[in-house]
Amino acid sequence: MTHLVRAGLLLVVFVAGFAAMRMITPPAFLVGLGFHEVTESNAVEWAGHPALFADPADCQTCHQDIFAIRQAGNHAGVSCENCHGPATAHVKEGARVFKLTSRESCGTCHSEVIGRPASFPQVDLDDHNGGAECITCHSPHKAAAPPAVPHDLAGRSDCLSCHAVGGLVPAPADHAGRGSDTCQTCHRSGQ
Amino acid sequence: MSTSSTSRRDFLKKAALGLAGGVIVYRFLPGLGARPALAEGNVPTASLITHGPDHPYYGFAVNTRKCIGCGKCATACKLENGVPMREDHFRTWIERYVFTEEGQVFVDSPDGGINGFAASPLNVKYAGLDIRKSFFVPKLCNQCDNPPCVRVCPVGATYMTKDGVVLIDRGHCIGCGYCIQACPYGARYLHHDIGVADKCNWCYHRISKGLPPACVEVCPVGARVFGSITDPDSPVRKLIRDERVDVLKPSLGTEPKVYYAGLEKGVV
């Protein structure tokens with residue numbers, strides 16, 4: 001049995017030695033030989049990288065009007081950089097930002113997908129006003145659905161007679177130039 | 001049997017004493033097993049943490065009830081951190097869980113969910129199933145308080161900072177991949193271009209400047225929150241107070257620091 005005791009002792013020495021190597025900070029001369037010692041400098045190096053994404057508050061500095069529209073609408077919690085990309089380069093050096101306006105890009109969030117909470121606004125893009133860009137009817141910053149027509153349309157074929165921009169029940173300014181025949185493309189009865 | 005051998009009773013006594021001694025040494029010798037434990041259970045208890053308001057100790061929370069699987073987080077992460085657009089390189093990704101009425105569970109993550117799930121090849125299959133419930137689970141590095149990846153690194157290239165983030169020293173990583181195997185959450189990957197291990201670091205370069213991680217910044221529905229768990233007013237502490245929370249794979253003892261609201265049995 002004594003040969004096993006010696007082997008057992010050897011095993012204990014190896015295990016203790018390995019544990020000590022892992023736990024005890026190596027002295028400087030070993031670090032010089034390449035034995036690794038964790039220092040703060042690597043964390044400082046990671047912390048020093050520049051950030052690419054900014055914050056909507058940075059966008060507000062110059063784009064107050066659009067920011068105000070967004071704040072009042074359903075996209076208030078949606079960062080500008082979702083559709084316009086990382087903003088730091090734009091803020092610092094005036095780099096161009098992009099604008100995601102395609103149906104697919106709106107559909108990234110708003111298409112009907114299994115797994116989305118039922119309360120989240122989503123549509124079947126194949127059924128919903130196919131072909132046109134979503135922003136034709138839905139302002140991307142205000143992010144609201146075009147209001148449904150609350151009244152009967154019998155005998156009221158000329159929408160502009162009441163709803164001209166500046167009329168009795170005026171349409172918003174961005175509707176200038178649109179003819180009566182186009183209104184029902186977006187404004188549906190009782191939708 | 002030789003005359004110098006111990007009797008069975010003596011052997012059992014010595015073994016029991018040795019075992020007891022080993023347990024005591026393991027639990028109380030600093031550096032081996034005695035860490036300032038984050039908490040019993042899954043919720044942080046500030047009194048056990050040796051940090052205060054001036055020394056943040058970061059945590060993360062994900063609300064799976066809110067996630068819409070848009071993939072903006074994964075996109076922003078890759079842009080912010082220069083992660084290659086390869087399909088096997090993700091610091092954060094989204095999984096979709098589908099539970100059918102028959103009790104089956106399906107998971108998919110098309111290209112990590114980076115382009116959303118509208119074009120997932122499994123949508124056709126799911127449309128024909130009787131679905132009980134389905135939801136999205138975003139995943140990222142849990143910055144575990146008992147990290148298996150740190151434990152196994154043969155050169156000590158990965159470590160935890162004082163503020164609770166596990167970082168990789170790229171200068172010392174040899175790219176052996178042991179940490180990638182060790183992580184039970186699949187959070188690590190081998191960076192193809194530079195040959196070292198890489199993983200989410202909660203945008204350490206952003207949080208050190210007081211900015212939130214990029215994924216938290218862009219999430220359109222606020223499904224991801226970040227903050228210091230030593231600050232009772234931080235969004236993370238608030239979510240932990242307001243929601244029923246759990247962590248991923250709690251039985252493994254990794255003590256993850258990403259708290260999930262709305263997990264279900266069957267989510268791995």
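Letters go in sequence order (proteins before strands), and every chain restarts at 1.
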task = Please report the closest heavy-atom contact between A/Ile114 and B/Phe136, naming both atoms and the distance.
result = O-CZ, 3.7 Å

When B/Glu217, B/Arg96, B/Lys209 are compared by non-hydrogen pairs under 4.5 Å with chain A, the top option = B/Glu217

ask   = Got B/Arg65 and A/Ser119 here, is their nearest side-chain heavy-atom distance under 4.5 Å?
value = no

request  = Heavy atoms only: give me the nearest B/Ile68-A/Pro117 pair and the separation to one decimal.
outcome  = CG2-CD, 4.0 Å

query = Do you know which of B/Thr161, B/Leu79, B/Ile207, B/Thr75 has the most heavy-atom pairs with chain A at a distance under 4.5 angstrom?
reply = B/Leu79

ask   = Got a donor-acceptor contact below 3.5 angstrom from the B/Tyr204 side chain to the A/Glu45 backbone?
value = no

request  = Among B/Ala127, B/Cys219, B/Gly71, B/Ala76, single out the residue with the greatest number of heavy-atom pairs under 4.5 Å to chain A.
outcome  = B/Ala76

message = Could you check whether any side-chain N or O of B/Arg206 sits under 3.5 Å from a backbone N or O of A/Phe53, counting only pairs where one atom can act as donor and the other as acceptor?
response = yes

task = Kindly indicate whether the side chain of A/Cys109, heavy atoms from C-beta on, has any atom under 4.5 Å from the side chain of B/Pro220.
result = yes

remark   = Whatever's closer than 4.5 Å to a heavy atom in chain A on B/Cys67 counts as backbone

request  = Without swapping roles, check the side chain of B/Ser208 against the backbone of A/Ala47 for a donor-acceptor pair under 3.5 Å.
outcome  = no

ask   = Looking at B/Val221, B/Ile168, B/Leu122, which has the largest count of heavy-atom pairs under 4.5 Å with chain A?
value = B/Ile168

inquiry  = How close do A/His49 and B/His205 get, counting heavy atoms only, and between which atoms?
reply    = O-CB, 3.4 Å

task = Measure distances from B/Leu211 to the heavy atoms of chain A and classify the residue's part below 4.5 Å as side chain, backbone, both or neither.
result = side chain

ask   = Nearest 0.5 Å, what's the NZ-CG distance between B/Lys72 and A/Asn82?
value = 5.0 Å

ask   = Of the backbone (N, CA, C, O) and the side chain (C-beta and beyond), which part of B/Asn81 lies under 4.5 Å from a heavy atom of chain A, both, or neither?
value = neither

message = Please classify the contact between B/Ile131 and chain A as side chain, backbone, both or neither, with a heavy-atom cut-off of under 4.5 Å.
response = side chain

key: Any side-chain heavy-atom pair of A/Asn42 and B/His172 under 4.5 Å   = no

key: Side chains of A/Trp46 and B/Val165 in contact at under 4.5 Å (non-hydrogen atoms)   = no

query = Which bit of B/Lys133 is near chain A, if near means a heavy-atom gap under 4.5 Å: side chain, backbone, both or neither?
reply = neither

